[in-house]
Amino acid sequence: MKKERMENAPLLKVEDLSVSFHMYDKGLEQYDLKVISNLSLDVKPGEIVAIAGSSGSGKSLLAHAVMGILPENARLTGSITYKGEILDQKKKEAFRGTRIALVPQSIAYLDPLMKVGKQVTGGDRGKEAEISQREIFKRFHLDEKIEKYYPFQLSGGMARRVLVSTAVISDASLIIADEPTPGLDLEMALEALKVFRELADEGKAVVLITHDIDLAFHIADRIAVFYAGTTVEMARAEDFLEGAGKLRHPYSKALWQALPQNGFRPIPGFQPYARYLPKGCLFSPRCPHKTKECENDIPMSEIRGGYVRCIHAT
Ligand SMILES: Nc1ncnc2c1ncn2[C@@H]1O[C@H](COP(=O)(O)OP(=O)(O)OP(=O)(O)O)[C@@H](O)[C@H]1O
Ligand code: NI
């Protein structure tokens with residue numbers, strides 16, 4: 001019984017995370033820009049949790065907060081644990097690339113002065129490392145000679161596959177993939193997602209940040225929907241496959257309806273800028289169900305087996 005409980009315990013747990021940047025305005029005026037507010041998320045071994053949400057909703061910043069690579073002027077509150085252990089900055093640095101691997105959103109993260117093969121294996125050119133590197137290159141249709149290339153010799157799509165390969169052959173038990181598919185053709189994008197699914201099936205935990213949400217529905221177990229720096233819904237992937245009626249938050253429903261296959265019906269309005277966040281529910285200025293009570297702080301609540309940050313959700 002205990003063992004079962006241990007296995008179901010989250011590998012990564014983010015609780016009530018807020019991130020602010022200390023900013024300088026014109027002159028001497030200073031202010032705090034709150035870019036992540038009260039965000040919670042957990043990922044269990046064997047699971048892929050996809051993160052969906054528009055540009056600027058805090059997806060990459062969450063990844064950077066877990067990896068410990070936020071800029072100097074960032075302040076964090078809340079907690080991030082890995083296997084129940086609090087991840088402070090020192091641990092984040094120790095775990096980076098070993099227990100926790102990041103597929104960065106930008107291909108500029110590749111070291112311009114190191115040959116690609118060596119980067120993928122983390123500097124290890126032993127026989128075993130070379131075999132795993134060649135295996136994954138084959139799956140991603142990367143010719144063997146590419147291991148001798150420098151990053152500037154790669155196309156965008158090749159660089160993306162190299163970054164994914166690095167995380168895949170690491171020993172990390174937690175993989176955070178921040179947009180791993182842009183620039184890949186459909187076949188390669190699907191191959192990358194298939195590789196992530198296999199890693200999860202081996203017992204690793206995967207966080208998949210992606211704009212290709214309709215692909216993510218098919219391989220992820222759960223979907224976290226981000227809006228203006230917080231989680232507004234955590235749902236099973238099947239809920240997204242079944243349709244807007246199964247979803248709980250008006251923004252998740254709007255995301256679903258904005259997909260081309262669902263009629264491409266975008267909602268009016270904009271995500272608020274971090275400096276001018278509305279009181280209470282961050283989605284309320286765009287919400288058709290808005291009432292006075294939405295100006296209060298809105299906690300996550302459990303509804304129909306998922307979690308939602310909306311007092312009107314049923
Ligand atoms: N160093 C920084 N200083 C100030 N604001 C920042 C900084 N880095 C990011 N932001 C702001 O934080 C917000 C969240 O950024 P983030 O990169 O996490 O978005 P995202 O969800 O990953 O978007 P995308 O889908 O475009 O990658 C944005 O409004 C961004 O402008
Ligand atoms: Ni991003």
Hey, mind stepping through Leu174 and Tyr82 against side chain to side chain contact (heavy atoms under 4.5 Å, CB included) and telling me if it holds? CA-CA 9 Å; Leu174 170 65; Tyr82 172 87; 4.1 Å; yes
Could you check Glu233 against Cys310 for side chain to side chain contact (heavy atoms under 4.5 Å, CB included), going step by step and ending with a plain yes or no? CA-CA 9 Å; Glu233 178 158 357; Cys310 172; over 6 Å; no
Tyr227/Ser252 under side chain to side chain contact (heavy atoms under 4.5 Å, CB included): CA gap, chis, key distance, verdict: CA-CA 9 Å; Tyr227 187 79; Ser252 317; over 6 Å; no
Could you walk me through whether Tyr251 and Ser54 pass the side chain to side chain contact (heavy atoms under 4.5 Å, CB included) test, one step at a time? CA-CA 10 Å; Tyr251 180 66; Ser54 57; 3.6 Å; yes
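With hydrogens and angles disregarded, a donor-acceptor distance shorter than 3.5 Å links the side chain of Gln153 to the backbone of Tyr150. With Gln133 contributing its side chain and Ser165 its backbone, the two residues share no donor-acceptor pair below 3.5 Å. Of the possible polar contacts, one joining the Thr230 side chain to the Ser37 backbone as a donor-acceptor pair under 3.5 Å is found. Under the 3.5 Å distance criterion, the side-chain polar atoms of Arg160 are left unmatched by any main-chain donor or acceptor of Leu184. A donor-acceptor pair under 3.5 Å links the side-chain atoms of Lys204 to the main chain of Ala172, judged by distance alone.
Partner of Thr181 under the side-chain contact (heavy atoms from CB on, under 4.5 Å) criterion, chosen from Leu186, Leu190, Thr210: Thr210. Applying side chain to side chain donor-acceptor pair (under 3.5 Å) to Asn38 and the options Thr231, Thr77, Asp16 leaves one that passes, Asp16.
Within the 4.5 Å cutoff, the side chain of Lys83 has heavy atoms near those of the Leu11 side chain. Counting only heavy atoms from C-beta outward, the side chains of Leu70 and Leu76 approach each other to under 4.5 Å.
Note on residues 92-119: pairs passing side chain to side chain donor-acceptor pair (under 3.5 Å), not counting sequence neighbours, are Ser60-Gln105, Gln89-Glu93. For residues 219-230, the salt bridge (Lys or Arg N to Asp or Glu O under 4.0 Å) pairs, not counting sequence neighbours, are Asp42-Arg222, Glu47-Arg222, Arg197-Asp221. Pairs engaging residues 255-280 under the salt bridge (Lys or Arg N to Asp or Glu O under 4.0 Å) rule: Asp25-Arg275, Glu29-Arg275 [sequence neighbours left out].
A search for ring-ring contact (aromatic ring centres under 6.0 Å, His included) contacts involving Phe21 returns nothing, not counting sequence neighbours. A search for ring-ring contact (aromatic ring centres under 6.0 Å, His included) contacts involving Phe264 returns nothing, not counting sequence neighbours.
Heavy atoms only, all atoms of each residue included: Ser284 and Cys281 are closest at OG-O, 2.8 Å. In this structure, Arg304 and Leu247 approach most closely via the heavy-atom pair NH2-O, 3.3 Å. Residues Leu142 and Met158 approach most closely at CD2-CG, 3.9 Å, considering heavy atoms. Annotation for Ala159 and Leu154: closest pair CA-CD1, 3.9 Å, computed over non-hydrogen atoms. Considering all non-hydrogen atoms of both residues, Val103 and Phe196 come closest at CG2-CZ, 4.4 Å. The two residues Val66 and Val14 have their closest heavy-atom pair at CG2-CG2, 4.5 Å.
The aromatic rings of His249 and Phe283 lie perpendicular to each other, with more than 60° between the two planes, well past the 30° mark.
Cluster partners of Ile298 are Ile311, counting Ile, Leu, Val, Met, Phe, Trp and Tyr whose side-chain heavy atoms approach within less than 4.5 Å, directly or via other members.
In this structure, Ile48 is not a member of the same hydrophobic cluster as Phe217, with clusters built from ILVMFWY side-chain heavy atoms closer than 4.5 Å.
Glu238 has no carboxylate O lying under 4.0 Å from a charged side-chain N of Lys246, or vice versa, which leaves the two without a salt bridge. A salt bridge links Glu130 to Arg134: one of the charged nitrogens lies within less than 4.0 Å of a carboxylate oxygen.
How far CG of Leu39 is from NZ of Lys59: 12.0 Å, rounded to the nearest 0.5 Å.
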